[in-house]
2 protein chains.
Amino acid sequence: MKYGSLFLPDSKEESFFNADGFLVAVSNDLTLVATCERRSLQEALDRGFGKVLDNHGSMFKDFIFSSPLPRAYQFLDGSAYVNHVELVRRARGAKMPDSFWTDPLMYQGCSDSFLNPTDDIVGDPAWGIDFEAEVAVITGHVPMGASRDEAAGAIKLVMLCNDISLRNLIPGELAKGFGFVQSKPPCAFSPLAVTPDALPGWDGGKLHGVVKVDLNGQPFGRADAGIDMTFDFPTLIAHAAKTRPLAAGTIIGSGTVSNKLDGGPGKPVDQGGAGYSCIAEQRMVETILDGAPKTPFLQPGDHVKIWMEDYTGQSIFGEISQTVRAL
Amino acid sequence: MKYGSLFLPDSKEESFFNADGFLVAVSNDLTLVATCERRSLQEALDRGFGKVLDNHGSMFKDFIFSSPLPRAYQFLDGSAYVNHVELVRRARGAKMPDSFWTDPLMYQGCSDSFLNPTDDIVGDPAWGIDFEAEVAVITGHVPMGASRDEAAGAIKLVMLCNDISLRNLIPGELAKGFGFVQSKPPCAFSPLAVTPDALPGWDGGKLHGVVKVDLNGQPFGRADAGIDMTFDFPTLIAHAAKTRPLAAGTIIGSGTVSNKLDGGPGKPVDQGGAGYSCIAEQRMVETILDGAPKTPFLQPGDHVKIWMEDYTGQSIFGEISQTVRAL
């Protein structure tokens, strides 16, 4: 089943009701929308999903979708594609600790109000605005100390994420060791979150398939999310739950999808490579190859689109489609 | 006004309804409880507080309270008592960067399900379980880029916090730079959250008054939260909101309350000092004075109580009262 949350601009108590969204089920071909017994996705996760109600022929294209959980009680974002982390280090001439291959990096991200998948990205270009294309899962309740199998069984939904990052604010926050407060503003997620049983390419731990990223209408990233994922989702969930339970509605992100491509630093899509799922990675490769980055971070008016297709070319999660706007 | 959230163990849909708690208003002397127009504190923060309904003589002592927000969309914890941070560094022979006096340390903490104020603290003693007595505020909506004045105006409620910390897991996570995932399990908050207008000692930015901490029935901490707070709450809120809005129901913590005491490292309560608001600080002082810590972290059966009194001796927020239990 595919689920989404409607954003209703004409709602009388707009900000209150839109804060949690109206849960709908969406047909596999992304044409029809049906209401559900539960009002919001969080309620469905708390109480069980209940029934999909009668479909009165509402058309998918007539609605604005928010992120499936417009706000969540928890968002933990991993760095499961360790290739991405290694490239960051190589670009600044540092060796990555070997422990990064066995002990996942993960930070607690803000989750108090996510962007809609079509919302503008608003910020000061001096902050170094970047996108990061990721896969994310939503869990049910996970007990403290959960095993990998318990963690796998708790995965309720899968979706895509644009983890917006403010690159020029990251080094200062990293040095403090306390994680990302100012350098990771709210993400956007794909309009649809899909149950594992209805998801082509889902193997129980990873999502196999190409995460497509277009920047200003040109192919920028075509990395396969099922390749080079060092820590799969059950491993990430078990890491998060080592010392505490995770509440239903916890979102776990994969970190920037990144393919290693025969040990090389990766090629742009127009040179036959898998490209990059964030601008920072292209800049790192430029730094490694040419001594300095040349691709700028996002500027006002830039547009990023993130999506995934099944083998028939049908969009699985709908599109994240965002334009940058200056503060 | 004082507000709290009831935890109803006999509720039919216990886990669902208790997840957000039942909002009640509590009389100033902590004897009577009245229901409210809004069902939960989060709803009150989203829609406005509405009316306090008729008081049918329900007694405060007859109820179990959860944390005022049993789960929240955001918990950002600062380190506003920089003395605490400097002691940590001194104990390990490191100099604290000067920037720590002007740029707040803050991490995104887990908020998906807080402990009740009387819940056991469950963990493996090998993790180095510690308490941290803090002051915390709950905000309304804060716009991105909010000024200090806007931030001050957004403070809706004030409460106390026990920010439980797993000391032996912190160094590894600090070194990764991604903040605290495993080393900061869910906190507990005081039963009551108090509006600024009803709060003795609140000056609009800081809470003046002694945060009392007893360990196993003996005075352990008597630090004044209004002294040595380098960054007040409006400053912490504005820091958090620099690059993003904060949703209504955001909790901002002060970090461990710590008094500098004439530049010295601080004395235990039984030697006439203000004592310590966490065991780690006592251990740091022992390390600085004697070369090694001697006070152990919390062990199963240990009990910690955190509260604050007004000038008449009346408890302001009720008590956090927790016993440690082995996993």
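Order of the sequence lines fixes the chain letters, A, B, ..., with proteins taken first and strands second; residue numbering starts at 1 for each chain.
- Ranked by heavy-atom pairs shorter than 4.5 Å toward chain B, the options A:G109, A:S99, A:A175 are led by A:G109.
- Shown here for B:C110 and A:Q108, the closest heavy-atom pair between the two residues is CA-NE2, 3.5 Å.
- Ring-plane geometry between B:Y73 and A:Y73 is classed as parallel, the angle between the planes falling under 30 degrees on a 0 to 90 degree scale with a further cut at 60.
- Considering CG of B:L166 and NZ of A:K242, their distance stands at 9.0 Å, rounded to 0.5 Å.
- Residue contact with chain A, scored on non-hydrogen atoms closer than 4.5 Å, involves the backbone and the side chain of B:L174 alike.
- Between B:F178 atom CZ and A:L76 atom CG the span is 12.5 Å, to the nearest 0.5 Å.
- Interface summary for chain A: among B:G249, B:S111, B:A241, the most heavy-atom pairs under 4.5 angstrom belong to B:S111.
- Listed in order of number, the residues of residues 117-126 of chain A that approach chain B to under 4.5 Å between heavy atoms are A:V122, A:G123.
- Of the atoms belonging to B:P104, it is backbone heavy atoms, and not side-chain ones, that fall under 4.5 Å from chain A.
- The shortest non-hydrogen separation linking B:D112 to A:A247 is OD2-N, 2.7 Å.
- When heavy atoms are compared at a cutoff of 4.5 Å, B:S79 approaches chain A solely by way of its side chain, counted from C-beta outward.
- The CG atom of A:D103 sits 3.5 Å away from the NZ atom of B:K176 when rounded to the nearest 0.5 Å.
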(request) Decide side chain to side chain contact (heavy atoms under 4.5 Å, CB included) for A:V181 and B:R244; before the verdict, give the C-alpha distance in whole Å, the side-chain angles of both, and the deciding distance to 0.1 Å. (result) CA-CA 9 Å; A:V181 172; B:R244 52 165 156 146; 3.5 Å; yes
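- Side-chain atoms of A:Q182 come within 3.5 Å of backbone atoms of B:H239 as a donor-acceptor pair (strictly under, hydrogens ignored).
- For the options A:A240, A:A72, A:G172, heavy-atom pairs under 4.5 Å to chain B are most numerous at A:A72.
- Looking at B:T250, the atoms closer than 4.5 Å to chain A (heavy atoms on both sides) all sit in the side chain, from C-beta outward.
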